[in-house]
Amino acid sequence: SQQGEEDPQALSIQEGENATMNCSYKTSINNLQWYRQNSGRGLVHLILIRSNEREKHSGRLRVTLDTSKKSSSLLITASRAADTASYFCASTAGNKLTFGGGTRVLVKP
Amino acid sequence: DTAVSQTPKYLVTQMGNDKSIKCEQNLGHDTMYWYKQDSKKFLKIMFSYNNKELIINETVPNRFSPKSPDKAHLNLHINSLELGDSAVYFCASSQGPGTPYEQYFGPGTRLTVT
């Protein structure tokens with residue numbers, strides 16, 4: 001299976017609700033990054049959390065990291081239609097980012 | 001201003017042909033990457049260059065050959081294209097080769113091999 005697997009694979013919510021997605025990885029990491037990909041576009045970096053951090057916030061985003069469980073979560077609060085996208089975690093070790101399969105989020109107005 | 005650009009955006013070609021994809025970044029970054037995203041959206045690193053030197057070379061068929069003429073450019077040449085090469089190819093760049101750096105992605109090149 002893939003390093004950096006994400007759960008759920010797809011998520012459908014109403015505008016204003018919170019969206020939570022999880023990511024698991026297999027090996028020790030330097031940090032973990034989250035990216036967003038709008039349909040037909042390249043990935044855009046959202047947030048980076050270092051291996052010695054447990055939680056990080058950026059605007060409406062909240063990321064947690066549990067290195068003992070090799071897992072991370074991304075919470076988007078008060079979602080908007082514009083948050084509709086695929087979200088990818090990327091575990092980082094050495095010079096490489098290893099991406100998961102992504103969570104497709106649909107925010108319905 | 002476009003940070004990371006790729007050409008072409010779409011590429012449709014027949015099996016057996018040779019094709020190239022070009023990438024340019026105007027961010028002044030030292031490191032550039034090629035990724036392949038398959039139909040299930042899995043994104044896998046293929047190559048990475050730092051200051052024109054190859055630093056990551058994943059298990060990729062040797063029909064794929066990257067070339068970095070300078071720090072701002074990284075091209076991908078594919079020989080003898082196969083059906084399984086159909087995918088979206090993304091170029092990316094970062095300030096340096098280490099993992100503390102975020103990566104900036106181009107818009108992608110959708111390659112379809114018929």
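By convention in this document, chain letters (A, B, ...) are assigned in the order of the sequence lines, proteins followed by strands, and residues within each chain are numbered from 1.
- Interatomic distance, CG of Asn75(B) versus CE of Met32(B), reported as 8.5 Å (0.5 Å rounding).
- One side chain, Thr13(B) or Asn17(B), offers a donor N or O that lies under 3.5 Å from an acceptor on the other.
- At a 4.5 Å heavy-atom cutoff, Gln6(B) makes no contact with chain A through either its backbone or its side chain.
- In this structure, a donor-acceptor pair under 3.5 Å is present between the side chains of Asn79(B) and His77(B).
- Proximity to chain B (any heavy atom under 4.5 Å) is shown, for Ala90(A), by neither the backbone nor the side chain.
- Side-chain contact check for Gln37(B) and Tyr35(B): no donor-acceptor pair (N or O, by modelled atom type) lies under 3.5 Å.
- By number of non-hydrogen pairs under 4.5 angstrom with chain B, the leading residue of Asn31(A), Leu43(A), Val44(A) is Leu43(A).
- Neither the backbone nor the side chain of Gln9(A) comes within less than 4.5 Å of any heavy atom of chain B.
- One distance of note links CZ of Phe99(A) with OG of Ser91(A); it measures 9.5 Å at 0.5 Å rounding.
- Side-chain atoms of Asn22(A) and Ser73(A) form no donor-acceptor pair, as typed in the model, at a separation below 3.5 Å.
- For Leu48(A), the part lying near chain B is the side chain, with the backbone staying farther off; criterion is any non-hydrogen pair under 4.5 Å.
- Proximity to chain A among residues 101-114 of chain B is limited to Tyr101(B), Glu102(B), Gln103(B), Phe105(B), Gly106(B), Pro107(B), judged by heavy-atom separations below 4.5 angstrom.
- The line from CG of Leu75(A) to CE of Met21(A) is 8.0 Å long, rounded to the nearest 0.5 Å.
- In this model, no donor atom of one side chain and acceptor atom of the other lie less than 3.5 Å apart for Thr92(A) and Asn30(A).
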